[in-house]
**Student:** 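Below: one structure in structure tokens.
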Amino acid sequence: MARVLTPQSEDFPRWYQDVIAKAELAETGPVRGSQVIRPTGWAIWERMVAEVDLRIKDADAENCSFPLLIPESYLKREAEHVEGFAPELAVVTIGGGKELEEPAVIRPTSETVIGEFMAKWIQSYRDLPLLLNQWANVLRWEMRTRLFLRSAEFHWQEGHTAHATREDARDYVRRILHDVYEDFMVNILAIPVVVGRKTVRERFAGATDTYTLEGLMRDGKALQMGTSHELGQNFAKAFDIGFLGSDGKQHHAWTTSWGVSTRMVGGMIMAHGDDNGLRVPPRLAPVQAYVMVVKDGEGVSEAAQSIHKALKAAGVRVKLDTRTDVPFGRRAVDAELRGYPVRIELGPRDLKEGNVTIVRRVDGSKAAVSVDAAAKAVTDALEADQQALYDSALAYREAHTSDATTLAEALEAAQDGFVRLPWDACGEDGETQANQQGVSVRCLVRADGSVPDSGDEPGLIAYLARSY
RNA sequence: CGGGACGUGGCGCAGCUUGGUAGCGCACCCGCUUUGGGAGCGGGGGGUCGCAGGUUCAAAUCCUGUCGUCCCGACCA
């Protein structure tokens, strides 16, 4: 078999770029840091959107749309927020050929505009909670960019909510963290995640508490797959989001924000991909089954049509390929690069025996199955391989997670995956030292693995790793 | 922002040292033969060499300026 991609073991970043190019997922745009997402890549993102959106709605948040441009003055109202974002803002100063009275910032995130409007819409405790979400693109002028993982412009969903009490805000942030994000990542993306709390240093600009979901990529580096923040009353005070309580007194609301982005596409690629290309988890895959006519003749295309129909009827997302003028090898390699979970090959040779060949992307296995049993075999394979991908990602993570008792030990082990180190043995000074060596504290968890309410709880465990 | 490199058909590159008006691989188009792991042969289309200026009879090649991109570092939900 001809070598299509740079092997992961030879040069992982190169492999990553190769897959994205060869599978035609995306390429860089004309302006620095911008990216063009091609149909194959966008289809994967659309599936992510569909699944995450379902869960967001189950959490009772409603979708809406806020403007791309934000008055510059809004950003300045929350001190830490401006400080955090100022260096990466793009600002519009001219409109219609005239200098604008007030420059408009292209949104890097929308806490500020949404806060402004929440203030208008909330009068009473009866208006709370207010649960909003928007699917949007945002812009951050990043110094160094990589397709999907860190692009200047990227697509995401950003949820913004306001609550009457701190407890309610906290509960909601946790609900999003677990019921929306963790559930999606584990059950659809098939990526195990460490769910925890960010240290003060890694906290979102303007938040009081930041939570994260960290995945481990196949090169031993961690990737933040999503975050959820408690903003306390910081934004409520800056934007005057107030309400009259049942006690007849005026209060500031407690707000939250949370998001996942196109970065997850990069995470899916790096958590599951192998030297033959993508391995897209079946439940996520825009194309789950790829029906391929190997060669014409002897009723082959009729059989292909009927299998295509049967699979569709069984609820499988299926693509039919009858391009017999394109060589077999090219089509097989393309299907593997794109990570279609199951390929059904039909040719006169198999059909003579009443069979088709079923090829599974996860383990590369090939099996002859009778035409009648094909649909069932495909749905069974999809289910089994969803689990198989999760199991292998979990096994990889377990094999690349170690325990350390001292910082020095941890820094050594962090060269190849996660290290668990008692937070007491690390601390903020240790975190600074780790950062200097390219290692960061990804998050803090309790000894039982649950998410801490505060960074000051005794007995916390820090997860350290190199990261994207 | 500090250090390094590079801009030549769609992509990847050679040519530049020793100026003479552009070449290779892939991709693309046509034809025939092929098709169970990126097919073979033959034919063909497409670039004025990032941009501007200069030297020269003559510039992709030399000089100056300029713009852009990439890599390393710093920076970074």
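All figures in this text were calculated on a predicted structure; none of them were measured in a lab. Quick note on labels: first sequence line is chain A, next is B, and so on, each numbered from 1.
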**Student:** Look through every strand shown and name the nucleotide pairing with B/C49 as Watson-Crick or G-U wobble, where both distances are under 3.5 Å.
**Tutor:** none

**Student:** How close or far is atom P of B/G36 from atom CG of A/Asp350, stated in whole angstroms?
**Tutor:** 13 Å

**Student:** Does A/Trp156 reach a base, just sugar-phosphate, or nothing at all? Heavy atoms under 4.0 Å.
**Tutor:** base

**Student:** Could you tell me which nucleotide pairs with B/G12 by Watson-Crick or G-U wobble geometry, both distances under 3.5 Å, or answer none if nothing does?
**Tutor:** B/C24

**Student:** Name the pairing partner of B/A74, where a pair is Watson-Crick or G-U wobble with both distances under 3.5 Å, or state none.
**Tutor:** none

**Student:** Which whole number of Å gives the distance between the C1' atom of B/C6 and that of B/G12?
**Tutor:** 14 Å

**Student:** Sort me out a list of protein N/O and nucleotides 68-74 of chain B N/O pairs below 3.5 Å, or just none if empty.
**Tutor:**
unit_1, atom_1, unit_2, atom_2, d
B/C72, OP2, A/Arg144, NE, 3.1
B/C72, OP2, A/Arg144, NH2, 2.3

**Student:** Among A/Arg279, A/Arg343, A/Arg338, exactly one meets side-chain contact (heavy atoms from CB on, under 4.5 Å) together with A/Arg361. Which residue is that?
**Tutor:** A/Arg279

**Student:** Among all residues two or more places apart in sequence or in another chain, which pass the side chain to side chain donor-acceptor pair (under 3.5 Å) test with A/Asp168?
**Tutor:** A/His163

**Student:** Over how many whole Å does the gap from A/Lys22 atom NZ to B/G10 atom C1' extend?
**Tutor:** 15 Å

**Student:** Partner of B/G7 by Watson-Crick or G-U wobble geometry, both contacts under 3.5 Å, or none?
**Tutor:** B/C67

**Student:** Using a 4.0 Å heavy-atom cut-off, does A/Asp296 contact any base of the nucleic acid, only the sugar-phosphate backbone, or nothing at all?
**Tutor:** nothing

**Student:** Which atoms of nucleotides 29-35 of chain B (N or O only) lie under 3.5 Å from a protein N or O atom, and what are those distances?
**Tutor:**
unit_1, atom_1, unit_2, atom_2, d
B/U35, O2, A/Thr324, O, 2.9
B/U35, N3, A/Thr324, O, 2.8

**Student:** In chain order, what residues pass the ring-ring contact (aromatic ring centres under 6.0 Å, His included) check against A/Tyr290, with sequence neighbours excluded?
**Tutor:** A/Tyr340

**Student:** Of the residues in residues 221-229 of chain A, which ones touch RNA chain B at a heavy-atom distance under 4.0 Å?
**Tutor:** A/Gln224, A/Thr227

**Student:** Tell me which residues in residues 356-367 of chain A put a heavy atom below 4.0 Å from RNA chain B, sorted by number, or none.
**Tutor:** A/Thr357, A/Lys366

**Student:** Contact class for A/Thr212 vs. all strands (heavy atom < 4.0 Å): base, sugar-phosphate, or nothing?
**Tutor:** nothing

**Student:** B/G38, B/C76, B/A77: which one has an atom nearest the side-chain heavy atoms of A/Arg150?
**Tutor:** B/C76

**Student:** Does the base of B/C76 carry an N or O that pairs as donor and acceptor with the side chain of A/Arg140 under 3.5 Å?
**Tutor:** no

**Student:** Charged N to carboxylate O under 4.0 angstrom, A/Asp171 versus A/Arg166?
**Tutor:** no

**Student:** Under 4.0 Å, heavy atoms only, any strand: does A/Pro348 hit a base, just the sugar-phosphate, or nothing?
**Tutor:** base

**Student:** Paired with B/A58: which nucleotide, if any, by Watson-Crick or G-U wobble criteria at under 3.5 Å for both distances?
**Tutor:** none

**Student:** According to the Watson-Crick and G-U wobble definitions, with both distances under 3.5 Å, which nucleotide is paired to B/G42?
**Tutor:** B/C30

